Protein chains: 4
Amino acid sequence: MAAAPPTSPALRSRFDRRREAVVTTAARVFAARGFHATSIQDLAAATGLAAGGLYHYIGSKDQLLVAICDELMEPLLAQAQAIAASDASADRQLRQLVRVWMDHVERHRDHMLVFQQERRVLESGRQWQHVRRRRKQFEQLLADVLERVEAERLGRFADRDLALHALLGMVNHTPQWYQPRGRLSAEQIADGYVELLLAPERRDA
Amino acid sequence: MAAAPPTSPALRSRFDRRREAVVTTAARVFAARGFHATSIQDLAAATGLAAGGLYHYIGSKDQLLVAICDELMEPLLAQAQAIAASDASADRQLRQLVRVWMDHVERHRDHMLVFQQERRVLESGRQWQHVRRRRKQFEQLLADVLERVEAERLGRFADRDLALHALLGMVNHTPQWYQPRGRLSAEQIADGYVELLLAPERRDA
Amino acid sequence: MAAAPPTSPALRSRFDRRREAVVTTAARVFAARGFHATSIQDLAAATGLAAGGLYHYIGSKDQLLVAICDELMEPLLAQAQAIAASDASADRQLRQLVRVWMDHVERHRDHMLVFQQERRVLESGRQWQHVRRRRKQFEQLLADVLERVEAERLGRFADRDLALHALLGMVNHTPQWYQPRGRLSAEQIADGYVELLLAPERRDA
Amino acid sequence: MAAAPPTSPALRSRFDRRREAVVTTAARVFAARGFHATSIQDLAAATGLAAGGLYHYIGSKDQLLVAICDELMEPLLAQAQAIAASDASADRQLRQLVRVWMDHVERHRDHMLVFQQERRVLESGRQWQHVRRRRKQFEQLLADVLERVEAERLGRFADRDLALHALLGMVNHTPQWYQPRGRLSAEQIADGYVELLLAPERRDA
DNA sequence: TATGAATGAGCCTTCATTCAT
DNA sequence: CATGAATGAAGGCTCATTCAT
């Protein structure tokens, strides 16, 4: 278990800052070397702390992975829910959703890589249950939006299910080739993806 | 190194058959539990051999992963090259390519899952060089076909690069949700993916 | 690689002390059972550490053998070089050299036994290169002194080369029979050996 | 246990010839790589037999080492005993003994290297008891001759014990530097060694 | 005789984690 | 808070040996 965080606000803030730094560093190392291939000693070296010191900020290696996934999913899910709750049109919501999503790919590339690469690890085991639930929520939200897109304008996707899976595949694969200063911005990529999904319908329009 | 295979044809054939069975079983276990999370003992239990006995058929755990990837990529690449060398039109080639690819997803789902999930593992290290090269070849071949699709009919993709990455993302993600007896056949999925890529162009047709 | 030694002087000193104890214990066990026949578990039992704990002090079993050889050869070589650089007569240097050498046999008998018994092990492999070089240096130094002995007084050895090999054989074999409280002291043995080498010449004197 | 050798004389002879070849090859490999570092598979490769086939000729790896030592010690001891039983003068016996000994170094260099290098291995364990006894006998015989050398001519060795150990050290070390076509023949070396031992006395003669 | 498959114990080493300081 | 020492349970792999064929 992580050492109980301090109660005094000043100390608490310092604790949080350092913990945050540890998690970010860990995300970088996990993204580069993989979760299993990274030892606590590796993390110690990367953070500048000794092995024992790490355990003040993380409860365990597993919880560290949870923290990385949470840092990614919590704000993403929050924004996604806000968008889904807005009164924009369904296809506008879809565009915004993918933009926000790609924005996370851009700004939390390491987190995203870890979340994606360690998918198998997260698949079973109680310690990841929370993370799995969040992912499920996000995918469900996505599915709902796609459904509403179709509901608002009939016959939109050749196959809605396939479109959903395709979208998940495309976006989740992005961090593996995306270059921050590349030819395409995250936004352009987001719009490009949506275009692919929506286009088949449009041709008949 | 794997134990030198026997010289007599009969024994050789039995050796090959068993080795093949070991690789297939390993693919199943790796797909389910992940490469790192699977121990040699796990494989021993799954194959019915003792730990040491496995090493008659595999040279090492690493080489076993190579074997799995090779079993997947060699025939896939061979078929892909045949298609690319055919005199079918570029977009017909593309369709065939994705169908063949999806056929591998269907028939070698475990291999595909492993190849995809352990992407990070394969990324560095001399022992995987061969595998990386095969993947690169396949992706290059795909890129070439996409290029020819555009060459034959101007303005085909909103962004050809993006289309390539999208396709890779979609197909590679497929084994994670595809169900053999599901609503969509592998072929339908393949065609669906190609449709997504080609449609934007077509709408202007 | 051995765990990075601590930086604080106090800890560093404790680390060094314990490491030294581990090496000495290992020398004793290796001398008694042989390098290959001694398992890390054996060493753990002998040192009172758990198997894993040993690795704080040694980088590997191989490096432990290097450490033992170094502890023996570094001071021996240093003293030998000092003697060779002195302005004593060549045959005085020879006597001193063999005395110093035998002194090492006496005070580091275990190290000497290991160094001698594992000669074959040390013969090839990059990890022992350093040790081989030290041994070579020592033997060369010995050869040089023998040469100067002859240069100062013509016709000293029936065959200088043979004398060198004989000396190496005699001294290196000593730890296998030498008893600390035996009839002959290390010094007497040293002088006895030199006497054997020099006598043939002397008889003609 | 080695498979029972065949009873028919013809088969028996073939068996013996092959067994002899296996032992000789094993001696070569053990000399080069060391007993512990040589696996049965290595021996299989070196002999051209399969692992299982080896066990028709050797009972176990340990017994193979015994065989090598026996092939060396039996004839050496036999010859040594013949010499010791002859009515030659003691110092003539000594010379002959060392010549015979060096002859074995020359003609069975691999056996000698193994016998010497694996000294530690042979030191304990019932399976080597026989070998240890043979070595002991040889050394005792040597000691006896040295004693008689002194008995026949007073004051021969500065220290008889030391002379014995020195002789053992010198000769046993020889296979590690001796070159068959080198400047010195085995005989010259033998005589050189004896000269070293006898000379101190002789100078007073 | 000879083979190669198979065993299972044991090897060296790594690693997440704990704890006295 | 932080350290580095220490643990002990795996981990991947090798190896002498056996045995059905």
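We name chains A, B, ... by the order of the sequence lines, and we start the count at 1 in each one. Given the structure is predicted, the values throughout are model-derived calculations rather than measurements. Side chains included, hydrogens not; waters and symmetry mates left out as well; all remaining heavy atoms used.
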Could you check whether any side-chain heavy atom of [X] comes within less than 4.5 Å of a side-chain heavy atom of [Y], counting everything from C-beta outward?
| X | Y | answer |
| --- | --- | --- |
| B:Ile40 | B:Leu54 | yes |
| C:Leu43 | C:Leu64 | yes |
| B:Gln63 | B:Ile58 | no |

Sub-3.5 Å donor-acceptor pair from the side chain of [X] to the main-chain atoms of [Y], do we have one?
| X | Y | answer |
| --- | --- | --- |
| B:Lys61 | B:Ser39 | no |
| C:Arg132 | C:Leu122 | yes |
| A:Trp128 | A:Val66 | no |

Over how many whole Å does the gap from [X] atom [atom1] to [N] atom [atom2] extend?
| X | N | atom1 | atom2 | result |
| --- | --- | --- | --- | --- |
| C:Ile58 | E:dC12 | CD1 | P | 10 Å |
| B:Arg33 | F:dG11 | CZ | P | 11 Å |
| D:Arg12 | E:dT1 | CZ | C1' | 16 Å |
| C:Arg19 | F:dA5 | CZ | C1' | 16 Å |
| B:Gln41 | F:dA9 | CD | P | 16 Å |
| C:Leu64 | E:dC12 | CG | P | 11 Å |
| A:Tyr57 | F:dT3 | OH | C1' | 13 Å |
| B:Leu43 | F:dG11 | CG | P | 11 Å |

Side chain of [X]: nearest nucleotide among [options]?
| X | options | result |
| --- | --- | --- |
| D:Tyr55 | F:dT17, E:dT7, E:dT17 | F:dT17 |
| D:Lys61 | F:dA6, F:dA2, F:dT17 | F:dT17 |
| D:Phe15 | F:dC1, E:dA16, E:dT1 | E:dT1 |
| C:Arg18 | F:dA5, F:dA2, E:dA6 | F:dA5 |
| C:Ala50 | F:dT7, E:dA2, F:dA5 | F:dT7 |
| C:Ser60 | E:dT13, F:dG12, F:dC1 | E:dT13 |
| B:Ala51 | F:dC13, E:dT13, F:dA2 | F:dC13 |

Q) Hey, are C:Arg135 and C:Glu123 close enough for a salt bridge, meaning a charged N less than 4.0 Å from a carboxylate O? A) yes
Q. Below 4.0 angstrom from OP1 or OP2 of E:dA5, is there any side-chain N or O of B:His56?
A.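 For B:His56, the contact criterion (side-chain N or O under 4.0 Å from OP1 or OP2 of E:dA5) is met.
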Q: For A:Thr47, answer base if it contacts any base atom (sugar-phosphate contacts may also be present), sugar-phosphate if it contacts only those atoms, and nothing otherwise; contact means non-hydrogen atoms under 4.0 Å.
A: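 Here A:Thr47 touches no strand at all.
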Q. With sugar-phosphate meaning primed atoms plus P, OP1 and OP2, does B:Ile40 contact a base, only sugar-phosphate, or nothing at under 4.0 Å between heavy atoms?
A. sugar-phosphate
Q | Watson-Crick and G-U pairing of DNA chain F, under 3.5 Å, as dot-bracket with | and [ ] | A | .||||||||||||||||||||
Q. Between A:Ala44 and A:Ala51, which heavy-atom pair has the shortest distance, and what is it?
A.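 Looking at all heavy atoms of both residues, the shortest contact is CB-N, 3.8 Å.
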Q. Do you know the tightest heavy-atom contact between A:Ala27 and A:Val114?
A. O-CG2, 3.5 Å
Q: Only counting residues at least two apart or in another chain, list the ones meeting ring-ring contact (aromatic ring centres under 6.0 Å, His included) with B:Phe30.
A: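 With neighbours one apart ignored, the set is B:Phe35.
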Report all interatomic pairs (protein N or O, nucleotide N or O of nucleotides 19-21 of chain F) with separations under 3.5 Å.
none

Q: With DNA chain E as reference, determine whether D:Arg14 or C:Phe35 sits nearer its 5' end, using the nearest nucleotide of each.
A: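 The residue closer to the strand's 5' end, by nearest nucleotide, is D:Arg14.
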